[in-house]
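Input: a single structure, listed below in structure tokens.
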There are 2 protein chains.
Amino acid sequence: MHRSSRQGTNLQSVKWQNRAAVLETLWRFQPLSRRDLARRTDLTPATLTNIVAEFLDAGIVQETGFGEQRTGRRPTMLAFVPDCYFLLGVNLSRTEISIGLFDMRLNALHVLVHPIAVRIGDGPVDTLLHLIRQAVAESGLDWERIIAIGISAPGPLSGQEGMIYAPPHFPDWSYLPLGPLVQQAFNVPAWLENDANANALAEHWLGAGRAFNNFVYVENHSGLGSGIVLNGQLFTGSTGVAAEVGHTSIDHHGPRCACGNYGCVEMYASGPAIVERVRQAHAAGRRTLLTDWLGDALDGLTFDHVIDASHQDDPLSIEVLCEACRALGQGLVNAINLVDPEAIILGHKLHRFRDDCLESLREVIRQRAIPQAAARLNIVVTQLPEPAAATGAACRALSGLLQDPHLLLERTPAVG
Amino acid sequence: MHRSSRQGTNLQSVKWQNRAAVLETLWRFQPLSRRDLARRTDLTPATLTNIVAEFLDAGIVQETGFGEQRTGRRPTMLAFVPDCYFLLGVNLSRTEISIGLFDMRLNALHVLVHPIAVRIGDGPVDTLLHLIRQAVAESGLDWERIIAIGISAPGPLSGQEGMIYAPPHFPDWSYLPLGPLVQQAFNVPAWLENDANANALAEHWLGAGRAFNNFVYVENHSGLGSGIVLNGQLFTGSTGVAAEVGHTSIDHHGPRCACGNYGCVEMYASGPAIVERVRQAHAAGRRTLLTDWLGDALDGLTFDHVIDASHQDDPLSIEVLCEACRALGQGLVNAINLVDPEAIILGHKLHRFRDDCLESLREVIRQRAIPQAAARLNIVVTQLPEPAAATGAACRALSGLLQDPHLLLERTPAVG
DNA sequence: AGTTTTATATTACTATTTTATCAAATTGAT
DNA sequence: ATCAATTTGATAAAATAGTAATATAAAACT
């Protein structure tokens, strides 16, 4: 009601906050003993005996044996029961729909990939629901055991409303309340999230961000996406569009971007921008290995070709990618000076860049970011397992679950 | 110990969190009834009866009469006892030390201003302690009733350690643990904060930010300072230097800034930058009203002169200030696309800008920020009462107090 | 075998919020 | 005037969740 006032804490919220804290800690650092959990959450051992007993009763946590101990009684280690429930991760990309079934540890059990252009049934939602049903059927899992669904898609969208707004090039996905639609269709809680945000979250849970609670994630996949994690939580801003590093400007007199801004990082560092730079240089007479592969017209040149060529020591490709990295680095410098994160995580496709290209990104940050912020900054590369996109989506579902542990503990059977 | 793990909530923290929430809510929205407070904090009326009784007992809150009510029993309104305790706000600027004594509603009772260059005693700390003592003596207040001290200073500094690092041009203030020194000297809790951050907080408590929990504050006073408030809290980042809008770049090929970055907003929009632009234009033959005031050499031209001239419709001054506003606007666009705030608050000296200059800032934001973020964005001007700088510092002290209410409720008498 | 150390379980307890109920105060209709 | 309705605020018993103290278990070391 009064959003601007500060909320108090009642006993119920204490209970659920503590269960959420314990679950999250266990997930991220398992196996842990009760004692470990008590230390990490700042709760007492007695409280942890109680809370853990609830989790054991609910069958979501198990004792996995004994830990090492220099002296004294050996701790009983605890871990999630990986297959107590299963998570569905759905990623909508510009080219395909990927659906993954995951256990509670985010291990992929089954993956289904379908071209986004190929429709099944009446509309995009029908297609999606059909594919989800198909994926679950193929996996052989009982719907009863699927506890949450995460959906990631390129923006713009509203995670809170679960609504896709107006994705470029996909008019029939416009203004669809995808979250509620999926949730109602399967009677399973569902969350919709920006794809880069979902991946940022995945880095936090099981990738390069495990050690950090405050970081900026960027990926250069289809467009330049990014996400910010603050205090271990996705930071989405007041209207849900925060963290658009790709649409910060590094040159206010630069070319106009589709977003309305001028000189966006995306204009210099995204895949299409990189391809365009190579084409321009080639048209201006620069020689490149890429002509050996694609002919003199560079037919069908892609971002991947440029990355591949750079690994074959093609000077033009290396030069263009380094320049893109410097542009991205400059965008990150601005983000660092505003957000002062513990780490920068470089996501998909950046992980395939040559080291010397990434080094020029690091160099820009070292030289240009505020020294106090740059000094302790970690710049690391993604460590997400495949299928990365669906994992990110499933991770959003996991995050939703662990933040609302009654979804796990006080579960009423679902209806497929 | 394990900073990366999520903290649990114990019952003690519930108690103090709730008291903090109630105090903060009451401070910001007083007068409120117990019922109002219950609604706003999401606690039960019974709990509020109890908590308010504690505050009444401690003498920090009082009943101020009855509120209006359509029907039913009239609510008893509650408010802070303004003079139950007093706060000290100390601002160190590049030119002077201002010390203000404030009541709990941040009304200024007494203000003392002293040139920073004039020393009293051995060193800068001696001078400061002497001036604080003097200010309190002049105010006639008993040291016993001074409950907290806030100190604001230009960065770089560490609020957590209460340490000033290396302020440009003030070598003898370097690496002074000013917070602890002042706290020990007077046995009163003291907090050190970046001046722009303190002012951002003040806007949140009693200025243009009262209605917002997420905003970016910028001021163009001595340098281009800024602060970010997220979820009603000052956001300081992982090393404490977050929110440096002035040191984000709008042109990666721009001139080098002292901070190491290139093309910082500060290089285009700060007072010195504006003065320099006017000088350059004048040297290039542009006519300006300023020569009427300062002679043809523009001796002693200041930022204030330029602002004054703009109000006298001097075309050059207007042009330069508008250009500065566009540069600042571009920096804010980047901040908006990263942070997605509810509001931008324009602080000191910007409040003296001509409307058409600020309008060009607004225009840049409207045209360039991500539409979804820009649509609901409020761009407002500071509403801090004078003495603004000392008020900001006092506000930091107030914020520290209300976040740790046992400083108010379980107070042991101080020793001057 | 006995001591020390560490982990976990148990029990009784404490602090705080909460539920339920009641009293007080006001409006307005009858 | 009286009564019903409405809202605020007070009170006391109840519920809840975490906690301190203590006991027990299990291992290492001497």
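Values reported hereafter were calculated over all heavy atoms of this structure, with side chains retained and with hydrogens, waters and symmetry mates removed. Letters go in sequence order (proteins before strands), and every chain restarts at 1.
- B/Pro45 comes within 4.0 angstrom of no nucleic acid atom, judged by non-hydrogen atoms across all strands.
- Heavy-atom neighbours of B/Gln160 CD from other residues, nucleotides or ligands within 6.0 Å: at or below the threshold of 12.
- B/Gln184 meets the side chain to side chain donor-acceptor pair (under 3.5 Å) test with no other residue; sequence neighbours excluded.
- Atom CZ of B/Arg376 has 12 or fewer neighbouring heavy atoms from other residues, nucleotides or ligands inside a 6.0 Å radius.
- Protein chain A contacts DNA chain C from C/dT5 to C/dT18, reading 5' to 3' and using non-hydrogen atoms of the protein with a distance under 4.0 Å.
- A donor and an acceptor atom, one from each side chain of A/Arg28 and A/His204, are located under 3.5 Å apart.
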Polar-atom pairs under 3.5 Å, protein N or O versus N or O of nucleotides 13-18 of chain D: list them with distances, or write none.
| from | atom 1 | to | atom 2 | distance (Å) |
| --- | --- | --- | --- | --- |
| D/dA17 | OP1 | A/Lys15 | NZ | 3.3 |
| D/dG18 | OP1 | A/Asn18 | ND2 | 2.4 |

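- The side chain of B/Thr76 contributes no N or O atom lying less than 4.0 Å from OP1 or OP2 of D/dT8.
- One N or O on the side chain of B/Gln30 and one on the backbone of B/Phe80 form a donor-acceptor pair closer than 3.5 Å.
- Of the possible donor and acceptor atoms, none in the side chain of A/Asn214 sits under 3.5 Å from a partner among the backbone N and O of B/Ser238.
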Practice problem: If a protein heavy atom is under 4.0 Å from the base, mark B; if only from the sugar-phosphate, S; if neither, -; do that for nucleotides 21-30 of chain D going 5' to 3'. | Solution: ----BBBS--
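- Looking at B/Asp404, its side chain never comes within 3.5 Å of a backbone N or O of B/Leu407 through a donor-acceptor pair.
- Side-chain nitrogen and oxygen atoms of B/Thr49 include at least one within less than 4.0 Å of the OP1 or OP2 phosphate oxygen of D/dA10.
- The side-chain contact (heavy atoms from CB on, under 4.5 Å) test applied to B/Thr76 returns B/Arg34, B/Glu63, B/Phe66, not counting sequence neighbours.
- The side-chain contact (heavy atoms from CB on, under 4.5 Å) test applied to B/Gln17 returns A/Thr9, B/Thr9, B/Ser13, not counting sequence neighbours.
- Contact check for A/Thr41 versus B/Gln7: no side-chain heavy atoms found under the 4.5 Å cut-off.
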